Amino acid sequence: CFDSRRRQSPRSCQHADLARLAHESRFSVNEVEALYELFKKLSCSIIDDGLIHKEELRLALFQAPYGENLFLDRVFDLFDEKKNGVIEFEEFIHALSVFHPYAPIEEKIDFAFRLYDLRQTGFIEPEEVREMVAAILKESDMILSDELLTMIIDKTFADADSDKDGKISKQEWMAYALKHPTLLKNMTLPYLKDVTTAFPSFIFNTEVED
Amino acid sequence: KFFNAFEFISSMSSGFDLSSMFENK
């Protein structure tokens, strides 16, 4: 990362861009600039092109650039608004803003819905939930009988699918998640409340005063 | 304990936990 681009940063992200991104998110200008420090680290960890590739996100989350993970794929797809296979800085800010402790719970619920709606049909279907549970069991080297897995899925849908049409709509998911707030635990990153402290290198780089 | 499939997913999925993005920096 110690190239000329690093010395230019964060000036390569102009103040107008920082201000616009702050306006579009729950972050202050200083916080957007601090997150640019994190973005730079992630986006040069494998390919130094100022964009986060899936392998770089995987490396940041798992400390390994290779390996399949269903959830990482879905998270990456949701960050990648333009669907061009990379995460740009403004996409990074937009998505992280949902994880801000002060972001509206409706935004968090919506993000989680899109994450679980694997095939993007507008509904969470039993096959998708089964696929996600099976992926975690495999990831964790746990074994569960098909019968027990079916029981768990059936019980979950009995609770969440209030109109009993065999799939969970966004409205049903909203009601269900509000009733079970622990489901949204991963949708809040406490670090984002004080991001300028989390990235002290920012203090020496910033030229912006909030 | 894990009779709620979504609770199981949200508590067990490491790919859905972005905090390590901050912890490892």
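Every chain is numbered from 1, with letters handed out A, B, ... down the list of sequences. Predicted model, so just to flag it, every value in this text is computed and none were measured.
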Region of [X] in contact with chain B, defined by heavy-atom distances below 4.5 Å:
X	value
A:Leu183	both
A:Ile124	side chain
A:Val75	side chain
A:Leu70	neither
A:Thr182	both
A:Tyr176	side chain
A:Leu78	neither

Decide if atom CD of A:Glu68 counts as having more than 12 heavy atoms of other residues, nucleotides or ligands within a radius under 6.0 Å.
no
Using atom types as modelled and distance alone, determine if a side-chain donor or acceptor of A:Thr156 lies under 3.5 Å from a backbone N or O of B:Ala5.
yes
Distance-only, no hydrogens or angles: does the A:Asn186 side chain make a donor-acceptor pair with backbone N or O of B:Asp17 under 3.5 Å?
no
To the closest 0.5 Å, what do you measure between CG (A:Leu192) and CG (B:Leu18)?
9.0 Å
At what distance, to the nearest 0.5 angstrom, does CE of A:Met142 lie from CE of B:Met12?
3.5 Å
Can you tell me which of A:Leu72, A:Leu115, A:Ile136 forms the most heavy-atom pairs within a distance under 4.5 Å of chain B?
A:Ile136
Decide side chain to side chain contact (heavy atoms under 4.5 Å, CB included) for B:Ser10 and A:Phe71; before the verdict, give the C-alpha distance in whole Å, the side-chain angles of both, and the deciding distance to 0.1 Å.
CA-CA 10 Å; B:Ser10 66; A:Phe71 295 95; over 6 Å; no
Which of parallel (below 30°), tilted (30 to 60°) and perpendicular (above 60°) describes B:Phe6 and A:Phe157?
tilted
What is the minimum heavy-atom distance between A:Lys185 and B:Ser11, and which atoms define it?
NZ-CA, 4.4 Å
Nearest atoms (heavy-atom pairs only) where A:Leu38 meets B:Met21:
CD1-O, 3.8 Å
In sequence, state the C-alpha distance, the side-chain angles, and the governing distance for B:Asn4 and A:Asp159, and then conclude on side chain to side chain contact (heavy atoms under 4.5 Å, CB included).
CA-CA 9 Å; B:Asn4 182 320; A:Asp159 290 344; 5.5 Å; no
Taking the side chain as every heavy atom from C-beta outward, state whether A:Ile152 and B:Phe8 have any atom pair closer than 4.5 Å.
no
